[in-house]
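Each remark here refers to the structure printed beneath this line.
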Amino acid sequence: MRTGRLLTALLVCILMVSLCTPAMAYLYLREPPADWAEKDVLRLTVFDVNEGDAMLLECGGEAMMIDGGPNPFREDLKNALEARGYSHFKYFFSTHYHDDHINGLYHLMTYGFTADEFIHSYNPITIKLDKLHGRAINEADKLGIPNRKVDEGDVLYLGDARLNIHRWGEVNNANGRSLVIKLTYGDSSMLLCADIIGKTQEYFTATLPADELKADIIKYPHHGITPCNSEFLDAVDPIFAIVTNRFKDVTRTGLQLEGRGIPGRYSGDGTVYLVTDGTDWYVWQTEGVF
């Protein structure tokens, strides 16, 4: 009888622990099964623009472009978005004004693509001083797209996905000040690091709550040109990494990921797709294809 009571108590404890423990994300390196077509999902498409960022985020019937890559890929990006049926977005999101990020957004607008808002982090003085950002804002004005400045602590929503914005505005470096997105959908999460430098990684590691840095997926900072700070990568503790570059051009980052046992894909070698239902992830790549 005593043994039976102990067994029952043990089973109750196991049940309580399982109910209190968050679901563990599983990563599958393949396309999702057919029945996922019926699910509510979040999808990130990381386009092959060599060394540059151009990402399409879709959730709940809404879509946004996070950067648009450099000039040589503007036609490829236009055709890819048209093939997916897009001509309008909730947001054009500019992480910073460097050409390998903002040029594609500018050209999408010259082709007639529109958005509810153009999101950026710059004040009117910066808009006037920087040619690439200024022309993007001018093009948005022509199309009647309002522009909005965001900064540390702001929040955006895309469908049921929450986008927490982080930025360290005190560092004297355009990459270092670029906008970072902590994206949460159900129990799934991504940290999209734009081009932040080592000093910014150190700052975020020291100042952001641990659960705000922790993420299933990391989009490596600055195209993986240099590896992540060890402490920053420890804090993120990802199960998968996206590097917006070609593998052969970022061997040090490849060695860092291999040494930590973190699988990754390099969008410069072919467009990468990530899909989650809020718990599990499916990731696949069309190698050599935009």
Side-chain angles (χ1 to χ4, degrees), residues 10-47 53 55-66 84 86 89-91 93 155-166 180-194 204 208-221 228 232-244 257-258 260-267 270-286:
L10 179 61
L11 291 172
V12 169
C13 288
I14 292 172
L15 178 61
M16 292 295 291
V17 169
S18 67
L19 289 174
C20 295
T21 303
M24 178 177 290
Y26 285 93
L27 174 69
Y28 302 95
L29 298 179
R30 62 178 188 271
E31 294 188 40
D35 62 359
W36 270 50
E38 308 302 321
K39 284 192 173 190
D40 294 325
V41 298
L42 176 142
R43 177 188 296 260
L44 181 71
T45 303
V46 186
F47 291 107
D53 282 12
M55 297 178 283
L56 170 65
L57 184 66
E58 303 166 277
C59 186
E62 298 180 330
M64 65 185 286
M65 282 300 303
I66 303 172
R84 289 162 171 78
Y86 285 113
F89 300 87
K90 185 172 184 179
Y91 305 120
F93 188 98
V155 180
L156 301 174
Y157 291 92
L158 190 77
D160 290 329
R162 178 185 173 102
L163 288 72
N164 290 353
I165 308 302
H166 297 294
V180 170
I181 298 173
K182 170 61 183 292
L183 189 152
T184 306
Y185 178 72
D187 292 325
S188 298
S189 58
M190 284 193 282
L191 191 68
L192 305 178
C193 296
F204 285 152
L208 289 180
D211 61 352
E212 191 61 16
L213 283 178
K214 176 72 181 75
D216 303 328
I217 311 292
I218 183 172
K219 199 288 294 182
Y220 247 62
C228 281
F232 180 76
L233 195 53
D234 288 341
V236 181
D237 191 25
I239 62 172
F240 189 81
I242 292 291
V243 184
T244 52
L257 291 173
E258 182 182 350
R260 287 174 173 255
I262 302 171
R265 292 291 181 272
Y266 299 78
S267 61
T271 294
V272 179
Y273 304 86
L274 304 94
V275 178
T276 181
D277 62 351
T279 302
D280 297 328
W281 288 94
Y282 283 86
V283 180
W284 69 101
Q285 184 172 29
T286 52

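Since the model is a prediction, treat every value here as computed from it, not as a measurement.
- Panel note: side chain K182, backbone E212; a donor-acceptor pair is recorded below 3.5 Å.
- Within the 4.5 Å cutoff, the side chain of I218 has no heavy atoms near those of the I242 side chain.
- In this structure, the side chains of I165 and V180 stay at 4.5 Å or more apart for every pair of heavy atoms.
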Q: Start with the C-alpha distance between E62 and L57, add both sets of side-chain angles, then the distance that settles side chain to side chain contact (heavy atoms under 4.5 Å, CB included), and finish with yes or no.
A: CA-CA 8 Å; E62 298 180 330; L57 184 66; over 6 Å; no
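- When all heavy atoms are compared, the tightest approach of F240 to R265 is CZ-CG, 3.4 Å.
- Counting all heavy atoms, side chain and backbone alike, R30 lies closest to W284 at O-CE3, 3.8 Å.
- Under the side-chain contact (heavy atoms from CB on, under 4.5 Å) test applied with Y220, the options T244, L192, L233, L191 reduce to a single match, L233.
- In this structure, W36 has its ring center under 6.0 Å from that of Y282.
- Contact annotation: the side chain of L156 approaches that of F93 to within less than 4.5 Å [non-hydrogen atoms, C-beta and beyond].
- We find the CG-OG1 distance between D160 and T184 to be 12.5 Å, quoted to the nearest 0.5 Å.
- Counting heavy atoms from C-beta on, the side chains of I181 and I66 come closer than 4.5 Å.
- Listed here is the closest heavy atom pair of F232 and P221: CE2-CG, 4.5 Å.
- Within the 4.5 Å cutoff, the side chain of K219 has no heavy atoms near those of the M190 side chain.
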Q. Yes or no on side chain to side chain contact (heavy atoms under 4.5 Å, CB included) for R162 and Y157, after CA distance, side-chain angles and deciding distance?
A. CA-CA 5 Å; R162 178 185 173 102; Y157 291 92; 2.8 Å; yes
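- Donor-acceptor pairing under 3.5 Å is lacking for the side chains of D187 and T279.
- The shortest side-chain heavy-atom distance between L42 and L183 falls under the 4.5 Å cut-off.
- In the model, Y273 has no side-chain atom that pairs as donor or acceptor with a side-chain atom of R43 under 3.5 Å.
- Although no hydrogens or angles enter the test, the distance criterion places no donor-acceptor pair under 3.5 Å between the side chain of K214 and the main chain of P209.
- The shortest non-hydrogen separation linking A241 to L257 is CB-CD2, 3.8 Å.
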Q: Evaluate the criterion side chain to side chain contact (heavy atoms under 4.5 Å, CB included) for residue pair Y28 and D280; output intermediate values, then yes/no.
A: CA-CA 8 Å; Y28 302 95; D280 297 328; 4.1 Å; yes
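- Closest heavy-atom contact between Y185 and D277: CE2-C, 3.7 Å.
- Minimum heavy-atom separation, Q285 to G270: NE2-O, 2.8 Å.
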Q | Derivation and outcome, side chain to side chain contact (heavy atoms under 4.5 Å, CB included), residues V275 and E31 | A | CA-CA 9 Å; V275 178; E31 294 188 40; over 6 Å; no
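- Contact of the F89 side chain with the L56 side chain is registered, since non-hydrogen atoms from C-beta on lie closer than 4.5 Å.
- With contacts defined as side-chain heavy-atom distances shorter than 4.5 Å, the pair W281/D216 qualifies.
- A salt bridge links R260 with D234: at least one charged nitrogen is closer than 4.0 Å to a carboxylate oxygen.
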